[in-house]
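Just below is one structure, and these are the notes that go with it.
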Amino acid sequence: MPELPEVETVARMIRPSLVGRTITSCSVTWKRTLGGSEIAAFRRNVVGARVVSVERRAKYIVIALERARASCGALVCHLRMTGRMHVERADWDPGKFAKVRLDLDSGRAFHFIDVRKFGRVEFTREPHELLAELGPEPLGADFTDEWFSTALRARRRVLKSLLLDQAFLAGLGNIYVDESLHRARLHPLQLSDRMTREQAAVLRREIRAVLSEAIAREGSSFDAFYRTPEGNPGSFQDQFQVYGRTAEPCRSCATPIRRLVVGQRGTHVCPQCQPAPRRRRSSAQG
DNA sequence: AGCTACTCCTGGTAGC
DNA sequence: TGCTACCAGGAGTAGC
């Protein structure tokens, strides 16, 4: 589903047609997409505002707005599972899953389309408050070996669950966690406080590599859902080592990929490349 | 502190 | 063909 590389791709593609544009009108066909605000209030907040910037933070797209050259808030958007964004000519038909439409002074219109209705396009005056709980960006300068190693060992968490925790590290989802762990030859059930500094450094390197490669390929598309704002699929799914490859041979050692469930998430491992952590009694720890 | 279960949603698919 | 049942999952929340 859309994770950091897909969200980054969407942000890059919609940015040129949004920045500098003024929102002239809007329509909303699913109120919950707005995340709690009334449609009338949303309309008052966005119509007449001008887009200053389009940035990605974790899996959020933040569309900053201004009025009379003064900041007036932002649209904080999340694609969740099936959200899509398009900026198209005014007569373009967004289809039956359209949720939010923002008409622009360019004559084009921004569309938020979402089959499963989990996605959000939320207006807030203080976007930083909404995003305050997020951990560091995996591709950012704050994500250092030193920080990662210390932070992993300061907690006693199942490794995969911790990497999915957006308050710990912001931007990874199910796919890229599975891929990163395989590349780092780490098992998803490994406990975070048992990680060596060397293992942490390898994992950090592989997380950054897999995300960078996926961004270069405009993300991953393997079902009907994720498409770039230009309507094209990404191509990183061709590079998957484990995700969605249950029972298929590992590309490194030919052992069949195994599927397990970790924290209610489908999880894919190579039992040979990613040996299971040694089980031990909790009372046996000194 | 960290875990599980549940919620929100619907298209796709397996089984009959 | 058409039905039912179940699966996928990001994030928030409740409860242990």
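Sequence lines set the chain letters: A, B, ... in the order given, protein chains first and strands last, and positions in each chain run from 1. Values reported hereafter were calculated over all heavy atoms of this structure, with side chains retained and with hydrogens, waters and symmetry mates removed.
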*With a non-hydrogen cut-off below 4.0 angstrom, is A:Arg155 in contact with a base, only sugar-phosphate, or nothing?*
sugar-phosphate
_Below 4.0 Å from chain A heavy atoms, what is the first contacting nucleotide of DNA chain B and what is the last?_
B:dG2 to B:dG11
*asked:* Heavy atoms only, 4.0 Å cut-off, all strands: where does A:Arg157 land among base, sugar-phosphate and nothing?
replied: sugar-phosphate
*Whole-Å distance between C:dG9 C1' and A:His268 NE2?*
12 Å
_Euclidean distance, atom CD of residue A:Gln264 to atom C1' of C:dG12 [Å, nearest integer]_ = 13 Å
*Atom pair distance, as rounded to whole Å: CG in A:Asp178 and P in C:dG10*: 10 Å
*How long is the span from the OG atom in A:Ser252 to the CZ atom in A:Arg183, to the nearest 0.5 Å?*
10.0 Å
*A:His78 side-chain N/O to C:dA11 phosphate OP1/OP2 under 4.0 Å*: yes
*Between atom CG in A:Leu4 and atom C1' in C:dA11, what is the gap in whole Å?*
16 Å
*Under 4.5 Å between any side-chain heavy atoms of A:Arg204 and A:Pro138, yes or no?*
no
*Look at A:Tyr243 and C:dA8 and indicate whether a side-chain polar atom (N or O) is within less than 4.0 Å of OP1 or OP2.*
no
*For the pair made of CG in A:Asn174 and C1' in C:dA8, what is the distance, rounded to whole Å?*
10 Å
Show me, pair by pair, the donor-acceptor contacts under 3.5 angstrom made by side chains of residues 88-99 of chain A, not counting sequence neighbours?
unit_1	atom_1	unit_2	atom_2	d
A:Glu88	OE2	A:His86	ND1	2.9
A:Arg89	NE	A:Asp91	OD1	3.3
A:Arg89	NH2	A:Asp91	OD2	2.9
A:Asp93	OD1	A:Gly95	N	2.9
A:Lys99	NZ	A:Phe97	O	2.9
A:Lys99	NZ	A:Asp114	O	3.2

*asked:* Does anything in residues 26-36 of chain A form a salt bridge (charged side-chain N to carboxylate O under 4.0 Å, His left out)? List the pairs, not counting sequence neighbours.
replied: A:Lys31-A:Glu38
*Can you check whether A:Phe118 stacks with the C:dG10 base, using ring centres under 5.5 Å and planes within 30°?*
yes
_In whole Å, I'd like the distance from the CD1 atom of A:Ile61 to the P atom of C:dG10._
16 Å
*For A:Arg120 and C:dG10, what is the distance between atoms CZ and C1' respectively, to the nearest whole Å?*
11 Å
*Any side-chain heavy atom of A:Leu189 within less than 4.5 Å of one from A:Leu159?*
no
*Indicate, with a heavy-atom threshold strictly under 4.0 Å, whether A:Tyr226 touches base, sugar-phosphate, or nothing.*
nothing
*If you round to the nearest 0.5 Å, how far is CG of A:Leu134 from CD of A:Glu137?*
8.0 Å
*Sub-6.0 Å ring centroid separation between A:Phe118 and A:Trp30*: no
*Would you mind reading off the distance between A:Lys59 atom NZ and C:dG12 atom C1', rounded to a whole angstrom?*
13 Å
